[in-house]
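For reference, the structure discussed in these notes is given below.
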Protein chains: 2
Amino acid sequence: MNVTEVERTLGAAEDSCRASGARLTDKRKNVLAVLLRSQKPLSAYDIVDQYSKDYGGPIPAMSVYRMLEFLAKENLAHKLNSENKYLACAHINCNHHHRTPQFLICGSCNKVIEIGIRPEMIEALRDAVKAAGFRLQSSQLELNCLCDNCAKESVTTADS
Amino acid sequence: MNVTEVERTLGAAEDSCRASGARLTDKRKNVLAVLLRSQKPLSAYDIVDQYSKDYGGPIPAMSVYRMLEFLAKENLAHKLNSENKYLACAHINCNHHHRTPQFLICGSCNKVIEIGIRPEMIEALRDAVKAAGFRLQSSQLELNCLCDNCAKESVTTADS
DNA sequence: GCCCTAAATGATATGGTGTATCATAATTAT
DNA sequence: ATAATTATGATACACCATATCATTTAGGGC
């Protein structure tokens with residue numbers, strides 16, 4: 001995400017927090033900015049490193065964890081449970097109604113995209129779970145994939 | 001799983017390994033037995049602890065990781081990526097054709113069951129992923145759920 | 001503005017998780 | 001029997017996550 005987009009998204013994040021009465025402090029905003037500028041999901045310690053590069057001073061890992069927790073609660077960031085990494089929500093700008101996201105994770109280049117699977121499909125999943133004697137609590141899915149780019153390369157590599 | 005069932009399942013595991021030319025050593029079998037006797041998924045270090053209780057001596061964590069890797073490759077155990085825990089495959093005995101499993105994880109009591117979602121649903125998921133420019137690599141899903149038992153209790157608690 | 005309270009951040013310590021590396025033991029094949 | 005492969009042990013270390021207590025900062029009522 002380029003600088004302009006980051007700025008605009010941070011503005012939207014501020015609006016969103018103002019609306020919900022949450023305090024988007026400077027450091028929380030900086031952590032969000034680090035996520036927004038990253039092309040890939042980051043671990044808490046990745047963020048610590050990048051933060052100190054971007055903002056000229058260290059930040060305690062403990063604080064980063066807390067800020068990530070805050071951002072997740074405000075729906076400004078998501079946690080990838082399968083990787084223990086974090087990424088900015090892809091819809092901070094949009095006025096989309098917020099649905100639980102699904103993530104496609106490229107196992108080769110680690111690129112991740114956030115999608116929204118058709119609600120009917122989620123409902124079918126919910127039914128299947130119910131039939132097994134459980135209740136679906138979260139429809140956040142983290143799917144192990146290859147992006148088309150890496151899929152193409154692996155074919156090329158295999159052929160050569 | 002009771003003692004008799006464990007014995008029978010270990011026998012099936014031996015058959016399976018013999019068929020594939022893999023070596024199910026005593027310790028690997030013991031690790032599998034620990035998983036079979038457990039009602040819940042175990043971390044590698046949980047297994048280290050339980051192993052030393054059950055077999056009267058310590059086992060290096062490093063070895064447990066390697067044995068789990070072996071068991072997973074032989075489809076005798078599965079890894080829950082979202083929890084970094086392991087459980088025995090539910091179908092070692094059955095002659096089921098082996099499909100990629102899906103797991104329902106109770107967020108309250110940590111009970112986990114292994115299910116097989118209808119292939120058509122998996123295909124629909126695969127299509128949705130493809131439409132987003134990715135290819136689904138694994139159909140192993142780990143779904144955050146409540147088991148009916150815990151769901152009932154939480155309702156009761158809420159009412160009282 | 002001042003004080004009080006609550007919220008946010010910092011500092012430190014600690015435990016759990018996972019892997020790299022090299023050494024040793026056991027198994028298999030020739 | 002010996003060599004090669006595979007399995008296991010031992011040690012070290014890096015990373016991940018949280019608990020705890022101290023300190024700073026922000027907001028609300030006066």
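First the proteins, then the strands, lettered A, B, ... as listed; each starts at 1.
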Main chain of A/Glu5, side chain of A/Thr9: is a donor-acceptor contact present, judged purely on distance under 3.5 Å? yes
Applying salt bridge (Lys or Arg N to Asp or Glu O under 4.0 Å), name anything that partners A/Glu123, two or more places apart in sequence or on another chain. A/Arg126
Interface limits on DNA chain D, where chain B has a heavy atom under 4.0 Å of a nucleotide atom: D/dT6 to D/dA10
For the helix from C/dG1-D/dC30 to C/dT30-D/dA1, what is the angle between the axes at its two ends, each from 5 pairs, rounded to 10°? 30°
Under 4.5 Å side-chain linkage, directly or through intermediates, the cluster mates of B/Phe134: A/Leu104, A/Ile113, A/Ile115, A/Ile117, A/Met121, A/Ile122, A/Leu125, A/Val129, A/Phe134, A/Leu136, A/Leu141, A/Leu143, B/Leu104, B/Ile113, B/Ile115, B/Ile117, B/Met121, B/Ile122, B/Leu125, B/Val129, B/Leu136, B/Leu141, B/Leu143
Report the residues that fulfil salt bridge (Lys or Arg N to Asp or Glu O under 4.0 Å) with B/Lys29, sequence neighbours left out, ordered by chain and then residue number. B/Glu14
Give, ordered by number, those residues of residues 18-42 of chain B having at least one heavy-atom distance below 4.0 Å to an atom of DNA chain D; if nothing qualifies, reply none. B/Arg23, B/Thr25, B/Lys27, B/Arg28
Can you name the residues that form a side-chain contact (heavy atoms from CB on, under 4.5 Å) with A/Arg37, not counting sequence neighbours? A/Val6, A/Ala33, A/Val34, A/Asp54, A/Tyr55
Across nucleotides 14-23 of chain C, 5' to 3', mark each nucleotide with B, S or - according to how protein heavy atoms within less than 4.0 Å reach it. ---BBBBB--
May I ask you to decide whether B/Arg18 forms a salt bridge with B/Asp15, counting only side-chain N to carboxylate O separations under 4.0 Å? yes
For A/Arg66, what residues pass the salt bridge (Lys or Arg N to Asp or Glu O under 4.0 Å) criterion, not counting sequence neighbours? none
Nearest 0.5 Å please: distance from the CD atom of B/Glu142 over to the OG atom of A/Ser82. 7.5 Å
Could you pull out all residues at least two apart from B/Thr100 that satisfy side-chain contact (heavy atoms from CB on, under 4.5 Å)? B/Ser138, B/Ser139, B/Gln140
Please write out which residues are connected to B/Leu146 in a hydrophobic cluster, directly or through intermediates, given that two of Ile, Leu, Val, Met, Phe, Trp, Tyr count as joined at side-chain heavy-atom separations below 4.5 angstrom. none
Distance flag, aromatic centroids of B/Tyr86 and B/His78, threshold under 6.0 Å: no
What pairs with B/Phe70 under ring pair (Phe, Tyr, Trp, His ring centres under 6.0 Å), at least two apart in sequence or on another chain? none
